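For reference, the structure discussed in these notes is given below.
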Amino acid sequence: MGRKIQAVKGTRDLLPPDTAVWAAVERAARETFGAYGYSEIRTPILEDTELFVRSVGEGTDIVGKEMYTFTDRKGRSLSLRPESTASVARAFVQHGMHSAALPLKVYYIGPHFRYERPQKGRYRQFFQIGAELLGDAGPQSDGEVILMLVRFLSVLGFEGLVVQLNTVGDEESREAYRKGLVEYLEPHREALSPDSQRRLGSNPLRILDSKDPADHGVLQGAPRLEDFLNASSAGHFDAVCEMLDRHDVAYSIEPRLVRGLDYYTRTVFEIIAAGLGAQDAIVGGGRYDGLIEELGGQPLPGIGFAIGEDRLIEVLPERFRIEALKASLVAVAAVPPVSAAEAVALAEELRSENLPVLAELTDRSVRSALKRADRAGVKWVVLLGEQERATGTVTVRDLEQGSQETMPRGDLATYLRRSP
RNA sequence: GUGAGCGUAGCUCAAUCGGUAGAGCGCUGGAUUGUGGUUCCAGUGGUUGGGGGUUCAAGUCCCCUCGCUCACCCCA
């Protein structure tokens, strides 16, 4: 006997009936995003490692120690995508999409990979539902992207979620602030946590949202990012807030919210949800005005977000989940001595009428056929027995009501379609 | 990468001081051969994660290893 092989660490099988919930969430995303003029984009799961080094940033943990990177048979360094904004930007440049009607609005749904120790809400293979708007720099774009996100979450039935909002300024403001912050923190280096000391050199802005109490003390007197914003960055942020106000979006400004990816500029945001333990961010996003150019394209702005689908489903409102799990199947069973083959034939007739049908494939007693149909969550069972066959009728049993009636076989499809 | 907790049937868990593994749920069938859910009966279920050690005897004690979970970190 060989050893049992199991799914690799940090990956998992999504099984029925749960997959119905995933499908319903994804359907809602497609519909909602479609209503804002977004189309689907599908980029490869595998990319040139250099893509992520240049976009996400060499100094980030994602690129530095969390990527699945390997060399292929020709010695090229490839990586499993840890996120998709970089891929979308790459595709945009590669296909010269700047000459299409801008802004380009695309969304994606799919697996991503990061090599981390798994814990609640964190997997090595995880799914993201994301959207990107490329080619418009105005604050209305930031606002509409957030409105779309909020609408999607409300379609799923979420209530009381608050968008955490901040600006990291444009490149000029951000660079000025980075210098100011390092200048202030350097003399306090010894008081910082070891992680923050490391970040001082690699990614100083991230020290701002450190969870370490020691860091909080040092940060008390730190310069504030908003004081370093130039007029353009400050005005942009005000306009975004104004738009969210106008549409009654619940948001809160979090001056310490910075994000771990290097490409973010100006607006950044997150949504966190209760019930997820330490990994409580279900959405993260922001503007990335320098990314397309960094990847060799024209200087074009962009903004987008990514939703952690695994986490989203973990805290999905119960009503949406229940609705998604409702089966609308009709079961067809033959009553001995009528054979199962005849039930299958009847099922095929109904499927031709576009009805979803579960046919009983094995000759078995009515008792077990009904029991099985009941467990499958079916509402209607069509019974075909000797009497029915002789008279050209069928008996339809309503498992919820416990009632049944016999009708001409020709009326069946219409009857079932009409019934809830 | 660091730390803590936990691995017994498909699932949730029992098993006294170390004495040779059990229940519920599930699944399959049956309880007047054409009627489900509740109930009752029967059947199906395990190399106790794996390996080694101590012992007359190990699910139980010791060591190693693998895995799971949570937290740090990171972020969706």
Side-chain angles (χ1 to χ4, degrees), chain A residues 1 3-10 12 15 56 60-67 81-85 109-130 149 193-196 198-199 203 206 209-212 257-261 268-273 276-286 304-315 331 333-338 360 362 364-389 395-404 406:
Chain A
M1 283 284 267
R3 105 178 202 282
K4 282 185 188 166
I5 297 173
Q6 34 182 1
V8 313
K9 191 187 188 79
R12 53 189 186 149
L15 307 172
V56 176
T60 62
D61 283 18
I62 292 179
V63 169
K65 50 189 201 191
E66 295 175 2
M67 280 207 301
R81 63 182 184 197
E83 60 111 43
S84 274
T85 301
I109 299 172
H112 296 77
F113 304 83
R114 290 182 201 172
Y115 190 90
E116 305 175 87
R117 279 280 273 271
Q119 71 184 64
K120 191 176 178 67
R122 188 169 77 185
Y123 307 95
R124 288 182 172 181
Q125 179 186 107
F126 56 98
F127 286 77
Q128 288 194 338
I129 300 176
L149 173 60
S193 66
D195 282 314
S196 289
R198 179 175 55 80
R199 287 187 291 226
N203 204 349
R206 291 240 46 230
D209 61 6
S210 164
K211 287 178 191 169
D212 196 301
L257 173 66
V258 295
R259 300 192 42 76
L261 289 68
V268 293
F269 55 94
E270 253 179 34
I271 295 179
I272 62 174
L276 280 166
Q279 308 301 322
D280 57 359
I282 56 172
V283 182
F305 61 78
I307 301 165
E309 191 175 4
D310 305 75
R311 294 178 184 177
L312 184 76
I313 284 172
E314 180 88 23
V315 294
V335 180
V338 174
E360 181 60 64
T362 315
R364 48 175 45 203
S365 65
V366 188
R367 179 197 299 280
S368 12
L370 280 172
K371 193 178 278 188
R372 198 199 279 237
D374 185 49
R375 285 186 193 147
V378 159
K379 177 172 161 65
W380 301 99
V381 179
V382 178
L383 293 168
L384 182 63
E386 235 176 351
Q387 283 173 32
E388 287 87 353
R389 189 172 52 183
T395 295
V396 181
R397 181 166 182 82
D398 180 334
L399 291 187
E400 284 165 22
Q401 303 295 318
S403 59
Q404 64 186 47
T406 298

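Just so it is clear: chains get the letters A, B, ... in the order the sequence lines come, proteins before strands, and each one is counted from 1. For clarity, every value in this text was computed on a predicted model and none was experimentally measured. No hydrogens, no waters, no symmetry mates; every other heavy atom, side chains included, goes into these values.
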Identify each atom pair where a protein N or O and an N or O of nucleotides 26-33 of chain B are less than 3.5 Å apart, giving names and distance.
residue : atom : partner : partner atom : Å
U28(B)  : OP2  : R375(A) : NH1          : 2.8
G29(B)  : OP1  : R364(A) : NH1          : 3.4
G29(B)  : OP1  : R364(A) : NH2          : 2.8

Can you tell me how far C1' in G53(B) sits from the matching atom in U60(B), rounded to whole Å? 15 Å

Spacing between Q6(A) atom CD and U69(B) atom P, to the nearest angstrom: 10 Å

Secondary structure string for RNA chain B (Watson-Crick or G-U under 3.5 angstrom, | for other-strand pairs): (((((((..((((.....[..))))((((((.......))))))....(((((..]....))))))))))))....

Taking the side chain as every heavy atom from C-beta outward, state whether R81(A) and P111(A) have any pair of such atoms under 4.5 Å apart. yes

Distance test, side-chain N/O of Q119(A) to OP1/OP2 of A71(B), below 4.0 Å: yes

C1' gap between A57(B) and C17(B), integer Å: 14 Å

Heavy-atom side-chain contact between I307(A) and I271(A) under 4.5 Å: no

Selection from C75(B), U35(B), C70(B) that lies nearest to any side-chain heavy atom of T395(A): U35(B)

Test side chain to side chain contact (heavy atoms under 4.5 Å, CB included) applied to L370(A) and R372(A), step by step: CA-CA 5 Å; L370(A) 280 172; R372(A) 198 199 279 237; over 6 Å; no

Short side-chain N/O contact to C68(B) OP1/OP2 from K9(A), under 4.0 Å: yes

Students often get this wrong, so: under 4.0 angstrom with heavy atoms, is F113(A) touching a base, only sugar-phosphate, or nothing? nothing

Mind checking L399(A) for me? I need base, sugar-phosphate or nothing, with any heavy atom below 4.0 Å counting as a touch. base

Here the distance between atom P of C70(B) and atom CD of E116(A), to the nearest Å, is 14 Å

Nearest 0.5 Å, please: how far is CD in Q387(A) from OG1 in T406(A)? 8.0 Å

Using a 4.0 Å heavy-atom cut-off across all strands, classify A373(A) as base, sugar-phosphate, or nothing. nothing

For nucleotides A9(B) and U44(B), find the distance between their C1' atoms and express it as a whole number of Å. 11 Å

Give one of base, sugar-phosphate or nothing for E83(A), where a contact means two heavy atoms less than 4.0 Å apart. nothing

Without decimals, in angstroms, what is the distance between R114(A) CZ and C73(B) C1'? 13 Å

From CD of E66(A) across to C1' of U2(B) the rounded distance in Å is 15 Å

Between R114(A) and D61(A), is there a salt bridge with N-O shorter than 4.0 Å? no

Scan E314(A) against the nucleic acid and name what it touches under 4.0 Å (heavy atoms): base, sugar-phosphate only, or nothing. nothing

Run the side chain to side chain donor-acceptor pair (under 3.5 Å) check on T395(A) and E388(A) step by step: do they pass? CA-CA 7 Å; T395(A) 295; E388(A) 287 87 353; 2.5 Å; yes

Taking atom CZ of F305(A) and atom CD of Q128(A), what is their separation to the nearest 0.5 Å? 11.0 Å

If you look at every strand shown and take non-hydrogen atoms under 4.0 Å, does Q404(A) touch a base, only sugar-phosphate, or nothing? base

Just grab all the salt bridge (Lys or Arg N to Asp or Glu O under 4.0 Å) pairs involving residues 120-130 of chain A, residues at least two apart or on different chains. E116(A)-R122(A), K120(A)-E314(A)

Below 3.5 Å is the cut-off: list the nitrogen or oxygen pairs between protein and nucleotides 5-7 of chain B, distance only.
none

Which atom names give the shortest non-hydrogen contact between A273(A) and V315(A), and what distance separates them? CB-CG2, 4.1 Å

Taking the P atom in each of A23(B) and G43(B), what is the distance between them to the nearest angstrom? 11 Å

Which of U35(B), C75(B), G34(B) is nearest the side chain of V335(A)? It is G34(B)

Check whether the side chain of R311(A) and the base of C75(B) form a donor-acceptor pair under 3.5 Å. yes

Quick one: list whatever passes side-chain contact (heavy atoms from CB on, under 4.5 Å) with R367(A), sequence neighbours left out. S365(A)

Which value, in whole Å, describes the distance between the C1' atoms of nucleotides C75(B) and G7(B)? 29 Å

Q279(A) CD to C70(B) P: how many Å, rounded? 10 Å

Nearest-Å distance once atom P is located in both C41(B) and G24(B): 10 Å

Result for 5'-nearest mapping on RNA chain B, choosing between F126(A) and G385(A), is G385(A)

Which part of the nucleic acid does G277(A) contact within heavy-atom distance under 4.0 Å: base, sugar-phosphate only, or nothing? sugar-phosphate

Candidates C70(B), G34(B), G37(B) - which lies nearest the side chain of D374(A): G37(B)

Within the 4.5 Å heavy-atom criterion, are L257(A) and E270(A) side-chain neighbours or not? yes

Between G3(B) (P) and R117(A) (CZ): distance, integer Å: 9 Å

Using a 4.0 Å heavy-atom cut-off across all strands, classify L312(A) as base, sugar-phosphate, or nothing. nothing

G1(B) P sits how many Å from M67(A) CE, rounded? 17 Å

Side-chain donor or acceptor of R364(A) paired with backbone N/O of A369(A) under 3.5 Å: no

V258(A): partners by side-chain contact (heavy atoms from CB on, under 4.5 Å), with sequence neighbours left out: V168(A), L205(A), L208(A), D209(A)

Derivation and outcome, side chain to side chain contact (heavy atoms under 4.5 Å, CB included), residues L149(A) and F269(A): CA-CA 11 Å; L149(A) 173 60; F269(A) 55 94; 3.7 Å; yes

Provide the distance between the two C1' atoms, one in C62(B) and one in G3(B), to the nearest whole Å. 23 Å

Determine the Euclidean distance between corresponding C1' atoms of A14(B) and U54(B); express it in Å to zero decimal places. 27 Å

With a non-hydrogen cut-off below 4.0 angstrom, is I129(A) in contact with a base, only sugar-phosphate, or nothing? nothing

Within a strict 4.5 Å, meaning less than it, do heavy atoms of the W380(A) and L399(A) side chains meet? no

Both D280(A) and V366(A) contact RNA chain B. Which one's nearest nucleotide lies toward the 5' end? V366(A)

Round to a whole Å and report the spacing from CD of E386(A) to P of G34(B). 9 Å

Assign V283(A) to base, sugar-phosphate, or nothing according to its heavy-atom contacts below 4.0 angstrom with the strands shown. sugar-phosphate

